Structure formats: C-alpha cells, structure tokens
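Please read all numbers here as calculations on a predicted model, not as lab measurements.
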Amino acid sequence: MINHETTSDVLIKDVVCHRHGEEYVINWHWADEVPCVYVHKSPMDAPFAIEQISEKQWKLYTREEYKVHKGLREKSEDIGQYTYRIFPCRLEKGRPILLVPDSDAHIIHISTGKAKIRYSLIRKRKWFGAYDTLQIRIFTEIPLAKDVLCYVKKEGSPPIHKDDGTQYAFIRDLEAGVNLLPEIEVRKKDVIRLFFTDGKKYGERYELIPE
C-alpha cells in the first residue's frame, strides 16, 4: 500500500480531458508545491478504497513528465467509462507521500465510446403443443454485470419498453464475446425483446442492437 495522508487543501483541480486521435489527454492545474502525482484508473462506479489498492495499480507521474507530454496521455484501447483519480504528493526524504483530498476536484470521469451489445433470438418452433423453445444470444464488446439488461415478454406484439410486458432479470454476468443463455419455453404468441434496466444510465455507456 502507498504511504498516504489526508489534506484539506485543493492541490489538484480543473481536471479536463480531450480526445486526440488514438489517445486522450488529461490536463489539470497543479498547485506550485506539488512535485508529482499518483494516478489511479478504474471502471466508473467501481468501489474505491485507497487501503485496498496495491502499489502496481498506481501510476507515479512527475511535473516534468507532464510538461514534456503536455498532460497525461492514454491510449484509447478500451471501450467504456472510467474514473481517473489524480492524487497530489509531497516529498519526504525524496519519497512521495500521497495526499488524499477531502473534495472531488481531483477526479474526472471519461467515456471512451459506447460498447456495442448485439443480441438475437433463436426460436425453435414446436408443431405440437402450446410452447416454443427460445434461446437468447448476446454478443458484447466488454463484460457486463447481470443487472445492466433485462428481457421482456409480451403476448401478441413486441414490447416497446421494459415495463411493457413481463420483465425478467438475468441470473449471471455476461462475458466479453458471445453468450448463449439457457433455453426457455415461451408461448406461441409471445414476443421477446431486451432492454436496459436503466435506460438513462446505461444508454450513455452501451449501444443495444437487435439482430
């Protein structure tokens, strides 16, 4: 664990991000007495506890490096939304001590684009009986928590929103790539569609595409 202590001073502020081709550049205002910072990147909304962060998860960045690169430059290789926390440091016998501010001025949330989620419905019709067998196939560019999506069943016509029919939750998280869900039985006239459980929240992060 990195040596740290709290501070009430706002030493890092005005954090902004700009996209430049294949990378994005994070800039901020340094207080004059700050020689370097520790930077931590995590998925947005991921829990953060400084005591649980290992040393290899921190990036030490000096004021000189910042000047040379005109900011902190990161390649936009991953799709999603991330939180950057930029912690100021002070030096003690030449070693940096991380300072934990009591405000959020050192934090920025960054979106590197919407991850695509594609889904299709594989329906096996039965000639006899009142039910068919249906399997949901989902391709996602990044892993998804099980509470991001739900599926809605409606008789006679496609549901137009998540409350337009009977809503069902997913029972497990989805891995990046192709996910085949267990087969379910549906009535002949049932129509299934997938929706975000929170359209405003997840619609900013993902693009849901029926195939």
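With a 4.5 Å cut-off on side-chain heavy atoms, Pro210 and Ser120 do not count as touching. Between Thr133 and Val186, the closest side-chain pair of non-hydrogen atoms is not below 4.5 Å. Between His109 and Ile107 the shortest side-chain heavy-atom distance falls below 4.5 Å.
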Given the rule in the side chain to side chain contact (heavy atoms under 4.5 Å, CB included) test, do Phe87 and His106 qualify, once you have shown the distances and angles that lead to the verdict? CA-CA 7 Å; Phe87 292 93; His106 65 297; 3.6 Å; yes
The test is side chain to side chain contact (heavy atoms under 4.5 Å, CB included); show your working for Phe170 and Tyr151 and say whether it passes. CA-CA 8 Å; Phe170 288 91; Tyr151 68 93; 4.2 Å; yes
Between Phe196 and Ile117, is a side chain to side chain contact (heavy atoms under 4.5 Å, CB included) present by the stated rule, with each step listed? CA-CA 11 Å; Phe196 294 122; Ile117 306 170; 4.2 Å; yes
Please walk me through it: do Gln81 and Arg205 pass side chain to side chain contact (heavy atoms under 4.5 Å, CB included)? CA-CA 7 Å; Gln81 292 186 317; Arg205 307 181 187 183; 2.6 Å; yes
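Under a 3.5 Å cut-off, the side chain of Gln167 and the backbone N or O of Lys162 do form a donor-acceptor pair. Within the 3.5 Å criterion, the main-chain N or O of Val16 finds no donor-acceptor partner in the side chain of Asn27. A side-chain donor-acceptor contact under 3.5 Å links Gln135 to the backbone of Leu181. No side-chain donor-acceptor contact under 3.5 Å links Asn3 to the backbone of Leu98. Judged purely by atom type and a 3.5 angstrom limit, His161 uses its side chain to pair as donor or acceptor with the backbone of Asp163. In terms of modelled atom types and a separation under 3.5 Å, the side chain of Lys59 and the main chain of Lys41 share no donor-acceptor contact.
Remark: Lys124 engages Glu183 in a salt bridge, criterion side-chain N to carboxylate O under 4.0 Å. The pair Lys154-Asp190 does not count as a salt bridge, with every side-chain nitrogen at least 4.0 angstrom from each carboxylate oxygen. Between Lys126 and Glu185 a salt bridge is recorded (basic side-chain N to carboxylate O distance below 4.0 Å). No salt bridge links Arg63 with Glu65; every basic N to acidic carboxylate O contact stays at or beyond 4.0 Å. Ion pairing between Asp132 and Arg123 holds under the 4.0 Å rule for side-chain N and carboxylate O. The pair Glu23-Arg73 meets the salt-bridge criterion, with a side-chain N (NZ, NE, NH1 or NH2) lying under 4.0 Å from an Asp/Glu carboxylate O.
The ring-ring contact (aromatic ring centres under 6.0 Å, His included) test applied to His40 returns Phe48, Trp58, not counting sequence neighbours.
Within a 6.0 Å radius of CD in Glu22, no more than 12 heavy atoms belonging to other residues, nucleotides or ligands are found. Asp102 CG: more than 12 foreign heavy atoms inside a 6.0 Å radius. Within a 6.0 Å radius of CG in Leu180, more than 12 heavy atoms belonging to other residues, nucleotides or ligands are found. The number of heavy-atom neighbours closer than 6.0 Å to CD of Glu211, taken from other residues, nucleotides and ligands shown, is above 12. Enclosure of atom NZ in Lys189 is not indicated, since only 12 or fewer non-hydrogen atoms of other residues, nucleotides or ligands lie within 6.0 angstrom. Enclosure of atom NZ in Lys188 by more than 12 non-hydrogen atoms of other residues, nucleotides or ligands within 6.0 angstrom is indicated.
Under the 4.5 Å side-chain heavy-atom criterion for grouping Ile, Leu, Val, Met, Phe, Trp and Tyr, Leu134 is not connected to Tyr131 through any hydrophobic cluster. By the criterion of side-chain heavy atoms lying less than 4.5 angstrom apart, applied directly or through intervening Ile, Leu, Val, Met, Phe, Trp or Tyr residues, Ile136 is not grouped with Phe195; the two fall into different hydrophobic clusters. In the hydrophobic clustering of this structure, Phe139 does not group with Leu144; members are Ile, Leu, Val, Met, Phe, Trp, Tyr whose side-chain heavy atoms approach within less than 4.5 Å, directly or through other members. Note on Ile138: it clusters hydrophobically with Ile142, by side-chain heavy-atom contacts below 4.5 Å among ILVMFWY residues. Linking Ile, Leu, Val, Met, Phe, Trp and Tyr whenever their side-chain heavy atoms come within less than 4.5 Å leaves Val191 and Val152 in two separate clusters.
Here the closest non-hydrogen pair linking Gly203 and Lys114 is O-NZ, 2.9 Å. Pro35 approaches Cys89 most closely through the heavy-atom pair CD-O, 3.2 Å.
In this model, a donor atom of one side chain and an acceptor atom of the other lie less than 3.5 Å apart for Tyr168 and Lys153.
The other members of the hydrophobic cluster of Ile86, by chain and number, are Leu11, Ile12, Val15, Tyr24, Ile26, Trp28, Trp30, Val34, Val37, Val39, Tyr61, Tyr66, Leu72, Tyr82, Tyr84, Leu99, Ile108, Ile110 (side-chain heavy atoms under 4.5 Å, ILVMFWY only).
Here Asp147 contributes atom CG and Asp198 contributes atom CG; the two are 10.0 Å apart, rounded to the nearest 0.5 Å. Remark: Ile97 CD1 to Arg95 CZ distance equals 7.5 Å, nearest 0.5 Å. Atom OG1 of Thr83 sits about 10.5 Å away from atom CG of Asp104, to the nearest 0.5 Å. The SG atom of Cys17 sits 9.5 Å away from atom CD of Glu74, with the distance rounded to the nearest 0.5 Å. Between the OG1 atom in Thr140 and the CG atom in Leu174 there is a gap of 7.0 Å [rounded to 0.5 Å]. To the nearest 0.5 Å, atom CD of residue Glu204 and atom OG of residue Ser111 are 8.5 Å apart.
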